[in-house]
**Q** 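Quick one: the structure is below, questions incoming.
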There are 2 protein chains.
Amino acid sequence: MTRAESETLLRSLGLRPTPQRMLILQAILNSPGHICAEDIYEQVREEYPHINISTIYRTLELLKEHHAISVTDLGQGSVLYELLKEERHHHMVCLCCGKILEFDHRFLEPLEASLEEGYRFKAQIDHFAIFGLCADCQGEEDD
Amino acid sequence: MTRAESETLLRSLGLRPTPQRMLILQAILNSPGHICAEDIYEQVREEYPHINISTIYRTLELLKEHHAISVTDLGQGSVLYELLKEERHHHMVCLCCGKILEFDHRFLEPLEASLEEGYRFKAQIDHFAIFGLCADCQGEEDD
DNA sequence: TCCAATTGTGCAATTAGTTGCATGTGCATA
DNA sequence: TATGCACATGCAACTAATTGCACAATTGGA
Ligand SMILES: [Zn+2]
Ligand SMILES: [Zn+2]
Ligand SMILES: [Zn+2]
Ligand SMILES: [Zn+2]
């Protein structure tokens with residue numbers, strides 16, 4: 001079922017639906033939220049043990065360029081990937097407790113508008129991470 | 001002259017002003033804009049050939065934690081460092097031509113205010129990179 | 001001044017991610 | 001169905017950055 005879905009998605013992007021790419025995309029589709037390259041690798045290896053980690057990274061790079069997925073550093077050791085949907089969202093990451101909160105893309109629209117107005121710059125903000133202090137951690141010294 | 005400056009800065013942060021740290025800080029102070037770890041390394045090595053690259057990274061991490069410098073990925077192979085001044089600025093990076101433009105921190109103040117209003121989240125945005133298309137590159141297919 | 005505790009450094013090993021190159025595969029065309 | 005070409009993959013080498021550990025330097029207190 002997701003096999004057909006991922007094939008369709010790849011074709012719609014003009015990418016060849018190879019078995020490796022379909023499995024990579026399925027791993028991302030099946031993941032409830034953010035997923036790292038290593039976890040994708042392990043998931044794909046169960047079905048296709050011969051796959052190489054560089055194929056994972058190259059496919060992720062391709063999907064990112066086509067804005068099919070987002071690639072974001074949320075401050076954990078490795079970068080996280082997520083399927084990009086119509087409704088974009090972004091994250092606030094607490095530097096103190098590590099909590100990850102979510103906010104809607106409309107919070108960024110005024111910024112996009114002002115950069116376009118001021119510089120004719122068209123921002124492409126797929127999935128942002130903004131670091132700071134959450135409500136619980138303000139006033140604590142452990143910054 | 002900058003030797004005294006860097007020593008003062010380190011002491012004001014509560015950090016020991018070791019020769020390595022002073023030279024690292026001076027390399028950043030002397031750099032007109034953004035500088036990468038490797039360039040700092042080479043500059044410091046001229047005065048202190050024995051220094052190890054991990055000392056560079058550890059010192060940079062320390063300075064970042066104290067908000068003395070910013071650490072930003074502007075899409076070049078390695079991360080760039082810059083002295084943080086009172087007047088903060090950020091950058092727009094063109095995905096097409098690679099141009100790096102600058103904008104003032106006040107463009108981000110409405111976003112900071114709305115995140116605080118909406119989530120009581122205190123964003124700490126030292127030095128941002130926003131990717132997109134510059135005025136010259138809009139309408140070009142090479143995205 | 002001496003000593004112990006704390007902090008900083010060098011070194012080597014490790015991790016995450018990238019790249020060049022030779023081989024393999026998918027797909028259009030005949 | 002066969003052939004050729006562009007694209008995709010595996011592999012090994014590489015780069016940027018991080019970490020564990022032993023030793024070195026600095027500090028503050030006896
Ligand atoms: Zn997300
Ligand atoms: Zn928190
Ligand atoms: Zn800058
Ligand atoms: Zn441009």
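Naming: A, B, ... by sequence-line order, numbering from 1 per chain. What's counted below: heavy atoms across the whole structure, side chains too, no hydrogens, waters or symmetry copies. Computed from a predicted structure; not experimentally measured.
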**Q** Over how many whole Å does the gap from A/Leu23 atom CG to D/dT9 atom C1' extend?
**A** 14 Å

**Q** Between D/dT9 atom P and A/Met22 atom CE, what is the distance in whole Å?
**A**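 Taking CE of A/Met22 and P of D/dT9, I get 12 Å after rounding.
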
**Q** For the pair B/Phe103 and B/His90, name the ring-plane relationship: parallel under 30°, tilted 30 to 60°, perpendicular over 60°.
**A** tilted

**Q** Can you give each donor-acceptor pair under 3.5 Å made by side-chain atoms of residues 38-52 of chain B, sequence neighbours left out, with the distance rounded to 0.1 Å?
**A**
from: B/Tyr48; atom 1: OH; to: B/Gln20; atom 2: NE2; distance (Å): 3.1
from: B/Asn52; atom 1: OD1; to: B/Ser54; atom 2: N; distance (Å): 2.9
from: B/Asn52; atom 1: OD1; to: B/Ser54; atom 2: OG; distance (Å): 2.8

**Q** Measure from CD1 on A/Ile24 to C1' on D/dG10 and round the result to the nearest Å.
**A**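 The distance from CD1 of A/Ile24 to C1' of D/dG10 comes to 13 Å, rounded to the nearest Å.
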
**Q** Check the distance between C/dG8's P and B/Leu63's CG and give it to me in whole angstrom.
**A** 12 Å

**Q** Could you tell me the separation between the CD atom of A/Glu65 and the P atom of D/dA8, rounded to a whole number of Å?
**A** 12 Å

**Q** Take atom CD of B/Gln20 and atom C1' of C/dC11, then tell me their distance rounded to the nearest Å.
**A** 14 Å

**Q** Quick check: are there more than 12 heavy atoms from other residues, nucleotides or ligands sitting under 6.0 Å from CD of A/Glu102?
**A** yes

**Q** Under a 4.0 Å N-O cut-off, is there an ion pair linking A/Arg11 with A/Glu7?
**A**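 So A/Arg11 pairs with A/Glu7 through a salt bridge.
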
**Q** Decide if the gap between the ring center of B/Phe107 and the ring center of A/Tyr119 is smaller than 6.0 angstrom.
**A** yes

**Q** Regarding B/His89 and B/His127, do their side chains bring together a donor and an acceptor under 3.5 Å, going by distance alone?
**A** yes

**Q** Between residues 31-58 of chain B and DNA chain C, which residues have a heavy-atom gap below 4.0 Å?
**A** B/Tyr48, B/His50, B/Ile51, B/Asn52, B/Ser54, B/Thr55, B/Arg58

**Q** Counting only heavy atoms not in A/Lys99 (residues, nucleotides, ligands), do more than 12 fall under 6.0 Å from its NZ?
**A** yes

**Q** Give a yes or no on whether the ring-centroid distance for B/Phe128 and A/Phe131 is below 6.0 angstrom.
**A** no

**Q** Starting at atom CZ of B/Arg21, determine the distance to atom C1' of C/dT9, rounded to an integer number of angstrom.
**A** 9 Å

**Q** If I take atom NZ in residue B/Lys64 and atom C1' in nucleotide D/dA17, what distance separates them, rounded to the nearest angstrom?
**A**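 Roughly 12 Å, once rounded to whole Å.
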
**Q** Taking the side chain from A/Arg88 and the backbone from A/Ile125, do they hold a donor-acceptor pair closer than 3.5 Å?
**A** yes

**Q** Expected output is a numbered-order residue list: members of residues 9-18 of chain B with a heavy atom under 4.0 Å from any atom of DNA chain C. What is it?
**A**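 Correct list: B/Arg16, B/Thr18.
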
